[in-house]
Student: 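Structure provided below as structure tokens; questions to follow.
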Amino acid sequence: MSIYDTLNEKQKEAVFHTEGPLLILAGAGSGKTRVLTHRIAYLIENGINPWNIMAITFTNKAAGEMRERVNNLVEFGAESIWVSTFHSSCVRILRRYIDKIGFDNNFTIYDTDDQKKLIKDICKRLNIDTKYLKEKAVLAEISKAKNEMITPEDYALENAGDFGKKNIISVYKEYQEQMRKNNALDFDDLLVKTVELLRSNPEVLESYQERFKYIMVDEYQDTNTVQFLFIRLLADKYKNICVVGDDDQSIYKFRGANISNILDFEKYFENTKIIKLEQNYRSTKMILDAANAIISNNTARKEKSLWTEKDEGYRVIFRQIDSEYDEAEYVADEISQVVRKGIYSYNQIACLYRTNAQSRVLEERFIREGIPYKVIGGQNFYQRKEIKDLIAYLKTVENGRDEVAIKRIINVPKRGIGDATVDKIDTFAQANGISFYDALKNENAMAVIGRSASKIKPFVDFIQRLKAESEVMKISDIMEHIINETGYVEELKAEGTDEAKGRIENIGEFFSKIVDYEEKNENATLSGFLEEISLIADIDNLETENDYVVLMTIHSAKGLEFNKVFLCGMEDGLFPSYMSIGTDDTSEIEEERRLCYVAVTRAMDSLTITSARRRMVRGQTQYNAVSRFVKEIPRFIMDANVSAEKLSSSEGIIKPSANSNAKPIFKAKAFETRQYEVKKQDKLEYTVGDTVKHIKFGVGQVMDITEGGRDYEVTVDFVSAGTKKMFASFAKLKKM
DNA sequence: CAGCCATATCTTTTT
DNA sequence: GATATGGCTG
């Protein structure tokens with residue numbers, strides 16, 4: 001008996017195919033993590049040095065789990081496998097070699113917030129009105145370019161004729177220059193600079209090619225162009241690259257994920273072996289059927305058919321409820337009930353939704369009913385104001401060139417150094433070609449500033465002192481020093497509000513995280529700590545052994561599974577998002593549908609879908625129709641509180657009263673899906689009284705046929721399954 | 001320069 | 001509804 005006996009034939013094939021390029025098309029719940037871990041174990045068993053194995057996962061959590069699972073399979077060596085995310089891998093490489101391309105190895109990492117601040121500064125300097133050109137839009141454009149490995153120069157050339165992009169061209173150029181000056185990298189840069197480094201330094205590239213003789217990439221469908229270039233460079237020498245993905249679960253196009261990475265894999269890597277994993281081990285038949293029905297509406301996909309040996313299970317429950325508050329109440333009641341009955345424990349249940357904003361109402365209800373829960377995502381702990389302020393101090397100590405960090409804290413807490421002064425220093429620094437921090441130390445600069453110069457001196461002295469201390473002191477001691485000297489917590493205490501109290505608590509938590517880091521790492525460094533917290537994802541903190549219900553977006557739920565899943569807010573306009581409905585571009589709606597597919601396939605044995613007739617969005621009441629995705633689920637595998645007619649037409653929606661100023665955001669036309677025309681057969685091949693055969697329920701007699709909204713509804717009395725009502729187009733009844 | 005009030009914009013998803 | 005920004009005043 002070997003550890004591989006539990007694998008199915010296809011899985012074994014994937015595990016034993018160790019040499020050369022391998023593409024595993026793994027459907028949802030088909031055991032791809034099992035394949036990856038067993039494959040690693042197999043490699044090690046066959047004499048491959050764990051040191052030579054690299055596995056790239058989507059989150060740090062997945063990386064940790066993979067290491068643990070490999071650890072359970074092999075005797076030793078699991079700890080020396082390189083398992084991490086793309087971003088962490090790149091940071092590790094860059095920390096070592098980035099000086100070769102003109103950065104300091106102690107570079108800092110900018111999050112979106114920092115990026116925005118920098119962009120704003122640049123626009124101000126370039127006299128670009130951010131009213132007309134939003135920072136967010138610029139940022140998105142720059143990110144898009146970087147994901148495609150387009151430099152500012154290339155970008156300028158490509159868009160030379162486009163007047164509308166003139167400003168973006170100059171901001172992008174200036175942005176990159178400023179990042180270099182600040183010795184900072186953003187998330188995209190981590191990838192871009194690594195590829196740049198590997199391309200321009202053959203000896204570095206070769207050392208990594210030799211190191212990573214066997215490479216595995218999980219969630220491959222969500223890689224973007226730079227990420228692909230990165231792994232292609234690494235795999236170029238030995239070509240032992242194994243990627244696992246599912247085009248139906250590609251949900252990160254908005255972040256630059258390039259689906260052609262999976263569709264064209266074979267073109268880049270000659271002699272690619274392709275293995276499809278189509279047996280699902282996770283979900284019941286009903287849930288799988290629902291998922292398959294939904295995803296089959298997409299046109300751009302590789303055809304595959306997931307199947308399961310599991311039981312039929314329960315039908316998918318659908319409830320349309322009046323408002324989001326009632327929805328929350330329903331979900332909370334259901335949870336309380338199943339837990340009370342002992343059917344599930346809290347940690348077997350998840351609530352998934354499209355947007356982070358939806359968590360609030362659920363949370364309020366859960367608190368009322370005493371349901372333990374944890375929200376994943378939304379605002380990250382490290383993005384909170386007070387935490388970012390303290391991090392900015394640490395960043396300033398670590399990398400004096402980080403302008404965004406210094407500007408953030410120069411007047412926090414208030415030191416009498418206002419915007420005007422900052423501007424003057426900025427101008428001086430620009431004119432004299434020195435950094436902002438150096439300008440602060442420059443006497444000539446202080447002469448220009450006049451009055452508030454006296455305020456700057458103590459600040460600079462303070463930072464200098466901290467810098468000196470950082471050479472010898474622990475991070476926690478420095479932090480303590482910062483908090484005491486700035487009076488940050490004192491100030492909050494004086495405020496006395498609940499909000500301030502919350503902030504103080506957060507600071508306390510931040511402090512314990514520092515201590516925690518110091519305890520876990522023997523050679524704890526400030527830069528190491530900063531790096532860790534900048535790459536941490538909220539999902540990494542999910543501890544499955546704790547007994548709480550998890551609330552998160554579907555994006556965050558990728559790769560996870562739960563016994564019972566609540567899919568909330570299934571309304572047209574919310575999910576699919578109104579952003580994807582308005583456009584002619586069907587690829588947007590198809591991405592939403594894939595997202596829905598991901599959501600449904602998270603459920604192992606119970607799935608409940610809810611939608612609200614009325615919902616507050618941005619302070620306005622919206623009246624939305626049931627999500628089109630719900631309508632794509634065959635009626636006979638659904639247990640709905642809404643009739644077929646109402647589901648398939650707009651009848652289920654409350655019309656806003658005449659004196660209400662709230663308007664439905666969609667015109668009636670939006671509900672009348674075109675599928676109505678396409679799907680409804682002109683004529684059925686059977687009629688009342690005929691004997692028909694159904695694929696699941698067997699033989700029966702047609703009792704009744706009624707014209708539903710978009711389809712015929714057929715009532716059949718089955719010999720063994722009893723009387724069932726179903727849609728003709730889904731039922732696929734055959735006349736006997 | 002800081003504090004206060006009015007307003008605008010936001011929400012799709014994240015490493 | 002909540003938060004960030006901008007303008008105004010002391």
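Here is how names work: the chains are called A, B, and so on, in the same order as the sequence lines, proteins then strands, and each is numbered from 1.
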Student: When the distance from NZ of Lys385(A) to C1' of dT3(C) is rounded to whole Å, what number comes out?
Tutor: 8 Å
Student: Can any side-chain N or O of Asn399(A) pair as donor or acceptor with the backbone N or O of Asn183(A) at less than 3.5 Å?
Tutor: yes
Student: Any side-chain N or O of Ser580(A) less than 4.0 Å from the OP1 or OP2 oxygen of dT12(B)?
Tutor: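 For dT12(B), OP1/OP2 do not have a side-chain N/O of Ser580(A) under 4.0 Å.
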Student: Any side-chain heavy atom of Leu390(A) within less than 4.5 Å of one from Phe510(A)?
Tutor: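 Leu390(A) vs Phe510(A): side chains touch.
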Student: Quick test: give all pairs of protein nitrogen or oxygen and nucleotides 1-5 of chain B nitrogen or oxygen below 3.5 Å, distance rounded to 0.1 Å.
Tutor:
residue	atom	partner	partner atom	Å
dC1(B)	OP1	Gly418(A)	N	2.9
dC1(B)	OP1	Thr421(A)	OG1	2.3
dC1(B)	OP2	Ala420(A)	N	3.3
dA2(B)	OP1	Gly416(A)	N	3.1
dA2(B)	OP2	Asn411(A)	ND2	3.2

Student: In a check of side chain to side chain contact (heavy atoms under 4.5 Å, CB included) between Tyr172(A) and each of Val138(A), Ile119(A), Ile142(A), which one passes?
Tutor: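 Of all the options given, the one that passes is Ile142(A).
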Student: Taking Phe107(A) as the fixed residue, which of Arg95(A), Glu531(A), Met179(A) is the one that meets the side chain to side chain contact (heavy atoms under 4.5 Å, CB included) rule?
Tutor: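 Of all the options given, the one that passes is Arg95(A).
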Student: With the side chain of Met616(A) defined as its heavy atoms from C-beta on, choose the nearest nucleotide among dT13(B), dG1(C), dT9(B).
Tutor: dG1(C)
Student: Roughly how many Å is it from CD1 in Ile554(A) to C1' in dT13(B), rounded to a whole number?
Tutor: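 Those two atoms, CD1 and C1', are 9 Å apart.
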Student: Measuring only the P atom in each nucleotide, how far is dA4(C) from dT13(B)? A whole number of Å is fine.
Tutor: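 My reading of the P atoms in dA4(C) and dT13(B) gives 16 Å.
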Student: Quick one: label Phe86(A) by what it contacts on the DNA or RNA (base, sugar-phosphate, nothing), any heavy atom closer than 4.0 Å.
Tutor: nothing
Student: Considering only heavy atoms from C-beta outward, does the side chain of Leu440(A) approach that of Ile410(A) to under 4.5 Å?
Tutor: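 The answer is yes, as the side chains (C-beta and beyond) meet within the 4.5 Å cut-off.
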Student: Please report, rounded to the nearest Å, how far the C1' atom of dT3(C) is from the NZ atom of Lys136(A).
Tutor: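 Value for this atom pair: 13 Å.
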Student: Run through Phe254(A), Phe575(A), Tyr353(A) and flag the one making a ring-ring contact (aromatic ring centres under 6.0 Å, His included) with His555(A).
Tutor: Phe254(A)
Student: Do Tyr623(A) and Arg615(A) have side-chain heavy atoms sitting under 4.5 Å apart?
Tutor: no
Student: Decide whether Tyr488(A) and Asp389(A) meet the rule of one side-chain donor and one side-chain acceptor closer than 3.5 Å.
Tutor: yes
Student: Looking only at side-chain N and O atoms, does Tyr578(A) come under 4.0 Å of OP1 or OP2 in dT12(B)?
Tutor: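 Yes.
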Student: Between the protein and nucleotides 5-10 of chain C, which nitrogen or oxygen pairs come in under 3.5 angstrom?
Tutor:
none

Student: Could you check how far CG of Leu595(A) sits from P of dT14(B), rounded to whole Å?
Tutor: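 Going from CG in Leu595(A) over to P in dT14(B) covers 10 Å.
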Student: Roughly, in whole Å, what's the span from CD in Gln221(A) to C1' in dT13(B)?
Tutor: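 Going from Gln221(A) (CD) to dT13(B) (C1'), I get 15 Å.
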Student: Report which part of the nucleic acid Glu591(A) touches: base, sugar-phosphate, or nothing (heavy-atom distance under 4.0 Å, all strands).
Tutor: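 Answer is nothing: Glu591(A) stays at 4.0 Å or more from every strand.
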Student: Nearest of dT14(B), dT11(B), dT12(B) to any side-chain atom of His555(A)?
Tutor: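 The answer is dT14(B), which lies nearest to the side chain.
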Student: Looking at the side chain of Asn356(A), which of dT13(B), dT12(B), dT11(B) is the nearest nucleotide?
Tutor: dT13(B)
Student: Measure the distance from CZ on Phe254(A) to P on dT11(B) and round it to the nearest whole Å.
Tutor: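 Atom CZ in Phe254(A) sits about 13 Å away from atom P in dT11(B).
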Student: Measure from the side chain of Ser556(A), starting at C-beta and using heavy atoms only, and say which of dT14(B), dC10(B), dT13(B) lies closest.
Tutor: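 Shortest atom-to-atom distance from the side chain points to dT14(B).
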Student: Ignoring the backbone of Arg354(A), work out which of dT13(B), dT15(B), dT11(B) is nearest its side chain.
Tutor: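 Closest of the options to the side chain of Arg354(A): dT13(B).
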Student: So how far is it from Asp222(A) CG to Phe58(A) CZ, rounded to the nearest 0.5 Å?
Tutor: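 Nearest 0.5 Å value for the CG-CZ distance: 5.0 Å.
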Student: Do the side-chain N and O atoms of Asp402(A) and Tyr110(A) include a donor-acceptor pair separated by under 3.5 angstrom?
Tutor: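 A pair is found: one side chain offers a donor N or O, the other an acceptor, under 3.5 Å apart.
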Student: Round to the nearest Å and state the distance from His87(A) atom NE2 to dT14(B) atom C1'.
Tutor: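 Distance, rounded to whole Å: 9 Å.
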Student: Rounding to a whole Å, what distance do you find between Gln620(A):CD and dG1(C):P?
Tutor: 11 Å
